[in-house]
Amino acid sequence: MDTAGMPQLQKKDGRLKTAFRYIARGGPTADGIPARVRNEIAEREAAAERLIGWVQLGVVVFFATLYSIAPRAEGSGGFNFVPITLAAYFLFTVLRVVLSYRIVLPQWYLIVSIVVDVALLCGLIFSFHIQYQQHPAFYLKAPTLMYVFIFISLRALRFDPRFVLTTGLIAVGGWLVLVAYALVGDMGRMHITRNYIEYLTSNAILIGAELDKTIVILGVTAILSLALYRGRQILFDSIQDHAAAEDLKRFFAPEVATSITGADETVMAGQGETRNAAILLVDLRSFTSTAETLAPEVVMRVLARYQAAVLPVIEQHNGRVDKFLGDGILATFGAVRPSEHYAADAMRAAEAIVAAMDKEAAAFNMLGWPKRLSVGTAVACGGVTVGVVGARDRLEFTVIGNAVNLAAKLEDANKVQATRALTDSDSYERARAQGYERRDCEVRPGAEIAGISHPVDLVVIA
């Protein structure tokens with residue numbers, strides 16, 4: 001026995017099995033795609049099935065209306081099956097639409113639906129020779145066969161090539177059954193011809209014409225299926241990218257996320273621009289030392305409640321969170337999106353944060369925090385560089401500048417000054433020029449601030 005070619009045969013057999021599995025599962029699998037993304041894909045497919053149902057319903061209503069107002073064809077002496085077929089298809093389609101809103105239609109039901117679609121069409125075509133009292137070869141010339149392409153193309157709305165392929169193959173099978181019946185039915189009144197004129201003007205059967213119809217149905221099915229096999233991977237990638245972009249908005253300000261996902265070119269480190277902005281720094285007093293004495297779950301609950309109280313305040317005053325610093329929060333105003341009132345917004349936000357934390361004091365105690373949870377905030381204004389830092393495979397969108405450093409030092413100065421919200425006089429005057437109306441703030445001129453070489457005129461916001 002010659003075994004020299006066995007490895008090649010096994011390799012070819014493996015490729016055929018791989019190709020068959022690829023076709024059978026409808027293209028690429030959802031392996032490696034997160035469950036929430038798979039759920040979104042499933043929801044879109046369910047929505048596509050509802051759309052298919054509505055389109056089918058629209059088609060049957062259109063043809064029923066057209067049939068009811070069109071003049072009756074002459075020459076029909078037998079029973080007319082068209083109204084019964086349209087009524088049956090209408091009821092089946094209504095049932096399908098109703099079920100699509102109540103449950104996720106199982107694959108077996110979708111296959112049954114395809115069989116019913118094609119069976120009703122083939123049954124309608126078959127009835128023509130009865131209605132017109134002609135030889136079965138008569139129905140082979142019926143233009144109604146073209147409606148099969150509507151059923152095939154409808155399945156493309158789901159973006160699952162298996163259903164297009166199934167519809168096309170069932171349609172071909174149904175048509176071949178009709179051809180076979182015409183070939184064996186009452187041969188005395190029918191004959192096979194190769195004359196095209198005789199084929200058109202009599203009940204003769206032209207085998208080539210029936211093969212042409214079969215090839216066209218298979219060709220349309222194959223092309224649509226191939227397009228969907230290629231497009232399904234794009235669909236998976238697109239949905240996954242969309243989910244990633246939505247997730248990105250939870251980690252970055254919406255404007256930042258949009259600038260990343262909508263960039264014409266790949267975002268690179270070193271890209272940025274300079275703007276006048278306000279920096280707000282928020283930090284909890286004695287959080288680390290107290291947290292060490294508590295259970296981790298208590299710490300996380302308190303931290304989550306604190307952030308849930310502060311973040312909406314920042315957003316309500318047009319701020320954007322730049323990053324979380326443990327129990328600290330760095331927010332920007334006018335950095336991500338230019339603003340004419342960035343300083344005033346930041347001052348109002350600092351006041352509102354202190355008030356929000358006071359309002360939540362009892363809630364923190366109920367969560368297990370042993371004493372009053374106090375917060376310190378600081379605002380500083382100035383030119384900052386907004387952009388991307390990091391290396392090729394690890395990037396971060398951030399703000400850099402003297403205002404960031406000053407805000408950090410002013411926030412730390414809250415401990416020495418026994419205050420909860422501080423700013424410097426320059427930032428305060430800029431805020432007033434932008435519409436900040438509070439004028440009763442305490443001014444502490446010439447204060448020594450750790451890390452700053454010159455005295456700073458402080459303004460106490462709270």
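Between D283 and V375 the shortest side-chain heavy-atom distance does not fall below 4.5 Å. With a 4.5 Å cut-off on side-chain heavy atoms, L281 and T377 do not count as touching. Put simply, the side chain of Y147 reaches to within 4.5 Å of the side chain of T144, judged on heavy atoms. With contacts defined as side-chain heavy-atom distances shorter than 4.5 Å, the pair F333/I279 does not qualify. Using a 4.5 Å heavy-atom threshold, the side chains of F90 and L57 count as touching. In this structure, D358 and R372 have side chains that are in contact, with non-hydrogen atoms separated by less than 4.5 Å. Looking only at side-chain heavy atoms (C-beta outward), L140 and L145 stay at 4.5 Å or farther from each other. Contact annotation: the side chain of V310 approaches that of M357 to within less than 4.5 Å [non-hydrogen atoms, C-beta and beyond].
Note that CG of L311 and CD1 of I314 are 5.5 Å apart. Values are rounded to the nearest 0.5 Å. Taken to the nearest 0.5 Å, the CZ atom of R96 stands 12.5 Å off from the CH2 atom of W54. Between atom NZ of residue K141 and atom NZ of residue K213 there is a gap of 7.5 Å, rounded to the nearest 0.5 Å. For the atom pair CG (L120) and CG (L124), the distance works out to 8.5 Å, reported to the nearest 0.5 Å. Going from atom CD1 of I329 over to atom CD1 of I353 covers 7.0 Å, rounded to the nearest 0.5 Å. In this structure, the separation between CG on N195 and CG on L200 is 9.0 Å, given to the nearest 0.5 Å.
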Steps toward side chain to side chain contact (heavy atoms under 4.5 Å, CB included) verdict (E49, V104): CA-CA 9 Å; E49 283 301 327; V104 176; over 6 Å; no
Please report the C-alpha distance between V97 and Q56 in whole Å, then the side-chain angles of each, then the deciding distance to 0.1 Å, and finally whether the side chain to side chain contact (heavy atoms under 4.5 Å, CB included) criterion is met. CA-CA 9 Å; V97 171; Q56 286 178 310; over 6 Å; no
Yes or no on side chain to side chain contact (heavy atoms under 4.5 Å, CB included) for N276 and E340, after CA distance, side-chain angles and deciding distance? CA-CA 9 Å; N276 287 321; E340 298 296 327; over 6 Å; no
Using the rule given for side chain to side chain contact (heavy atoms under 4.5 Å, CB included), can you reason through V404 versus I400, listing the C-alpha separation, both sets of side-chain angles and the distance that settles it, and then say yes or no? CA-CA 6 Å; V404 180; I400 301 172; 5.9 Å; no
Does Y342 form a side chain to side chain donor-acceptor pair (under 3.5 Å) with N318? I'd like the steps, not just the answer. CA-CA 8 Å; Y342 58 87; N318 305 310; over 6 Å; no
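Within a 6.0 Å sphere centred on OH of Y109, other residues, nucleotides and ligands contribute more than 12 heavy atoms. Counting heavy-atom neighbours within 6.0 Å of F324 CZ, excluding the residue itself, gives a total above 12. In I197, the CD1 atom is not crowded: 12 or fewer heavy atoms of neighbouring residues, nucleotides or ligands sit closer than 6.0 Å.
Of all heavy-atom pairs spanning F138 and H129, the tightest one is CD2-CA, 4.1 Å. Closest approach of L86 to V60, counting heavy atoms only: O-CG2, 3.8 Å. Closest of all the heavy-atom pairs between V164 and S225 is CG1-OG, 3.6 Å. Between V384 and A277, the closest heavy-atom pair is CG2-CB, 3.8 Å. Of all the heavy atoms in L280 and A349, the pair that sits closest is CD2-CB, 4.1 Å. Taking each heavy atom of L228 and P161 in turn, the nearest pair found is CB-CB, 3.7 Å.
Although no hydrogens or angles enter the test, the distance criterion places a donor-acceptor pair under 3.5 Å between the side chain of H135 and the main chain of A137. Between the side chain of R275 and the main chain of A335, a donor-acceptor pair closer than 3.5 Å is present.
Comment: E411 engages R285 in a salt bridge, judged by a side-chain N to carboxylate O separation of less than 4.0 angstrom. A salt bridge does not link R320 to E315: none of the charged side-chain nitrogens sits closer than 4.0 Å to a carboxylate oxygen.
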Please tabulate, for side-chain N and O atoms in residues 296-309, each donor-acceptor pair with protein atoms closer than 3.5 Å (sequence neighbours left out).
residue	atom	partner	partner atom	Å
R305	NE	E360	OE1	2.9
R305	NH2	E360	OE1	2.9
Y306	OH	D327	O	2.9

Identify every side-chain donor-acceptor pair in residues 165-177 under 3.5 Å, counting partners at least two apart or on other chains, and give the distances.
residue	atom	partner	partner atom	Å
T166	OG1	R162	O	2.7
T167	OG1	F163	O	2.6

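A parallel orientation is assigned to the rings of W369 and F287, their planes being inclined by less than 30° (bins at 30° and 60°).
Taking the six-membered ring wherever Trp is involved, the centroid distance between the rings of Y139 and F126 falls below 6.0 Å.
In this model, a donor atom of one side chain and an acceptor atom of the other lie less than 3.5 Å apart for E210 and Y199. In summary, the side chains of D345 and Q434 do not present any donor paired with an acceptor at a separation below 3.5 Å, with no hydrogens or angles considered. A side-chain N or O of Y436 and one of E351 form a donor-acceptor pair less than 3.5 Å apart. A side-chain N or O of T193 and one of E198 form a donor-acceptor pair less than 3.5 Å apart.
In this structure, K371 fails the cation-pi test against F364, since its NZ or CZ atom is not both closer than 6.0 Å to the six-membered ring centre and inside 45 degrees of the ring normal.
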